[in-house]
**Q** 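Got a structure for you, questions after.
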Amino acid sequence: MCGIVGAVSHRDIVPILVEGLKRLEYRGYDSCGVAVHQGGELRRTRSTARVAELETQASTEGVAAGTGIAHTRWATHGAPAVHNAHPHFSTGPNGVARIALVHNGIIENHDELRAELQAKGFRFESQTDTEVIAHLVNHLYDGDLFDAVQRAAQRLKGAYAIAVFCRDEPQRVVGAREGSPLVLGVGQGETFLASDAMALAGVTDQIVYLDEGDIVDLQLGKHWIVARQGDGSHRPVQREVRTVHAHSGAAELGPYRHYMQKEIFEQPRAIADTLDGVTDIQPSLFGDEAVRVFDGIDRVLILACGTSSYSGLTAKYWLEAIAGLPTAVEIASEYRYRESVPDPRTLVVTISQSGETADTLAALKHARAQGMQRTLTICNVATSAMVRECQLAFITRAGVEIGVASTKAFTTQLVALFLLTLTLAKLRGRLPETGEAAALRNLRHLPSAVQSVLALEPQIIAWAEAFVPKQHALFLGRGRHYPVALEGALKLKEISYIHAEAYPAGELKHGPLALVDAAMPVVTVAPADDLLEKLKSNMQEVRARGGELYVTSRGIWPRV
Ligand code: GLU
């Protein structure tokens with residue numbers, strides 16, 4: 001899922017579209033493109049190079065107009081190539097391009113729709129699932145683009161955010177959201193669309209967050225929104241315009257080489273901000289309704305994806321040991337599709353940095369549809385869909401996380417989950433006053449403790465250098481440190497492209513030990529706790545096979 005920007009204005013919007021794409025570049029992409037309504041026809045330019053290249057291309061080719069859309073693509077269907085890059089066009093019966101469309105997400109029934117549209121004579125130029133939407137809108141178009149998109153949406157299965165315009169309606173762009181984020185930007189006599197408000201920073205701070213199923217009609221200085229109803233049809237709806245001081249993508253890196261490094265070093269501040277104002281443990285930390293929502297719960301179900309699921313898994317150890325609450329952690333994309341046994345006395349906790357994670361939102365809806373109405377989200381974006389959908393919310397104060405690989409969001413989620421554990425333990429009479437005071441003291445010490453870990457950067461860099469030639473790595477942990485090992489393996493995979501796996505250390509002897517030799521670095525999360533002795537035996541097993549151990553403990557041990 002990548003980036004969308006769109007605009008309807010009197011002025012040339014190509015610089016705004018390109019600037020918007022640049023602000024979304026940090027998300028990564030493999031190709032990009034822009035299309036405009038120029039001289040009575042659709043024009044586009046696309047590239048598999050950087051957005052800066054696209055910008056030069058657009059200016060050389062003289063692409064300039066007041067209505068247009070732009071996209072950065074992360075290929076899911078069809079190779080990263082110019083002919084698969086968005087915007088996609090659909091050509092009318094007279095051989096003239098009539099519809100231009102960009103899309104984030106995946107259309108699940110694209111095969112069926114493609115066959116149907118091919119039978120009607122539409123010619124496909126790409127391998128993308130996106131192109132079927134362009135042709136479908138064209139097929140359903142009857143002089144009103146807003147209407148055509150509403151009818152097309154009824155046929156689409158999957159997750160999408162789209163922006164589309166039509167040759168026959170020069171000053172109109174239509175957007176739709178289903179499972180992928182999309183916002184409307186309200187300017188002075190002009191309107192904008194983007195997959196993230198950050199893309200519109202400096203253009204407008206008047207933002208409407210579209211809801212799932214919303215379709216928006218953008219015209220010069222005016223807009224209309226319709227919401228999807230239960231039967232798939234749409235009805236007009238008013239959505240609040242909020243003033244959002246979106247952070248500009250050009251945020252200073254300061255002394256750091258990239259955003260991820262910067263964000264790693266922001267952890268002490270992010271944790272301190274998240275704890276700001278927490279003077280004692282009380283349900284109101286999670287919202288006004290918390291006493292009622294927490295009352296009588298007898299279990300917790302955590303729904304999340306990726307890094308957030310690992311913070312959830314850590315919380316399972318806490319919630320069971322400290323609050324005495326049975327806790328299940330489910331990967332959202334599994335939970336939403338499987339048959340499970342609902343219990344209305346469950347507190348459903350969703351965790352998501354953005355609050356827009358499509359699988360987690362769908363899993364939340366699934367849980368509610370099964371009769372579990374007590375919902376809490378732990379999220380970093382107060383204006384997100386997840387916050388709107390849940391009864392309770394705890395907003396982490398990590399600040400904008402630009403790096404796609406989560407860092408400070410993870411640690412602030414852990415802080416929030418620990419506060420939740422303490423709150424539920426207190427409500428259940430399992431947290432004596434002395435315990436509460438000690439826990440708060442320890443939490444307040446956390447920023448400086450993290451600071452001292454960050455001071456180990458030179459040693460960590462030396463470790464990283466040793467990892468460069470490696471193909472594989474193992475991460476080991478025990479107890480609540482096992483999820484931390486999982487998170488470590490995920491970071492190594494997504495950032496270094498080195499295959500990594502995490503195991504509870506006790507599992508080593510049940511198979512993975514066979515993989516350990518001198519070429520296999522083994523990272524061990526080994527804080528000085530009651531499981532350290534057990535972990536030491538596991539480390540002996542690794543050494544016996546010539547494995548290279550990298551041990552993080554209280555402080556860092558030298559390489560052994
Ligand atoms: N599924 C679409 C494609 O492969 C959109 C991918 C995206 O979200 O960038 O072109």
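Order of listing sets the numbers, starting from 1, for every ligand and every atom in it.
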**Q** Determine whether the side chain, the backbone, both or neither of Thr76 has a heavy atom under 4.0 Å from any heavy atom of ligand 1.
**A**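 For Thr76, backbone and side-chain atoms both sit under 4.0 Å from ligand 1.
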**Q** Just by modelled atom types, is the Lys157 backbone N or O under 3.5 Å from a matching donor or acceptor in the Glu108 side chain?
**A** no
**Q** Answer yes or no: does an N/O atom from His86 fall short of 3.5 Å to an N/O atom of ligand 1?
**A** yes
**Q** Do you know which of Asp217, Thr67, Ile13, Leu193 makes side-chain contact (heavy atoms from CB on, under 4.5 Å) with Val8?
**A** Thr67
**Q** Would you please test Ser406 and Glu401 for side-chain hydrogen bond (donor to acceptor under 3.5 Å, both in side chains) and show each step?
**A** CA-CA 7 Å; Ser406 188; Glu401 196 177 54; 3.2 Å; yes
**Q** Are any of the heavy atoms in Gly78 under 4.0 Å away from ligand 1?
**A** no
**Q** To the nearest 0.5 Å, what is the distance between CD (Gln238) and CD1 (Ile225)?
**A**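 One gets 7.5 Å once the value is rounded to the nearest 0.5 Å.
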**Q** Could you tell me, atom by atom, which parts of ligand 1 come under 4.0 Å of a heavy atom of Asp129?
**A**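 Heavy-atom distances to Asp129 below 4.0 Å select 1 (N), 2 (C), 3 (C), 4 (O).
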**Q** Out of Trp74, Tyr160, Tyr29, indicate the one that has the non-hydrogen atom closest to atom 6 (C) of ligand 1.
**A**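 Among Trp74, Tyr160, Tyr29, the closest heavy atom to atom 6 (C) of ligand 1 comes from Trp74.
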**Q** Which ligand 1 atoms does Thr130 reach within 4.0 Å, using its non-hydrogen atoms?
**A**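 Ligand 1 atoms under the 4.0 Å threshold to Thr130: 2 (C), 3 (C), 5 (C), 10 (O).
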**Q** Would the His71 and Tyr29 ring centres measure less than 6.0 Å apart?
**A**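 Between His71 and Tyr29, the centre distance exceeds or equals 6.0 Å.
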**Q** Kindly give the heavy-atom pair with the smallest separation between Gly105 and Ser180, and that separation in Å.
**A**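 Scanning both residues, the minimum pair turns out to be CA-OG, 4.2 Å.
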**Q** Which atoms of ligand 1 are found less than 4.0 Å from any heavy atom of His71?
**A**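 Listed by number with element: 9 (O).
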**Q** Arg73 versus ligand 1: do any nitrogen or oxygen atoms come within less than 3.5 Å of each other?
**A** yes
**Q** Looking only at N/O atoms, are Ala75 and ligand 1 under 3.5 Å apart anywhere?
**A**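 Not met; the criterion fails.
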**Q** Would you kindly say whether Ser352 and Thr357 are connected by a side-chain donor-acceptor distance under 3.5 Å?
**A** yes
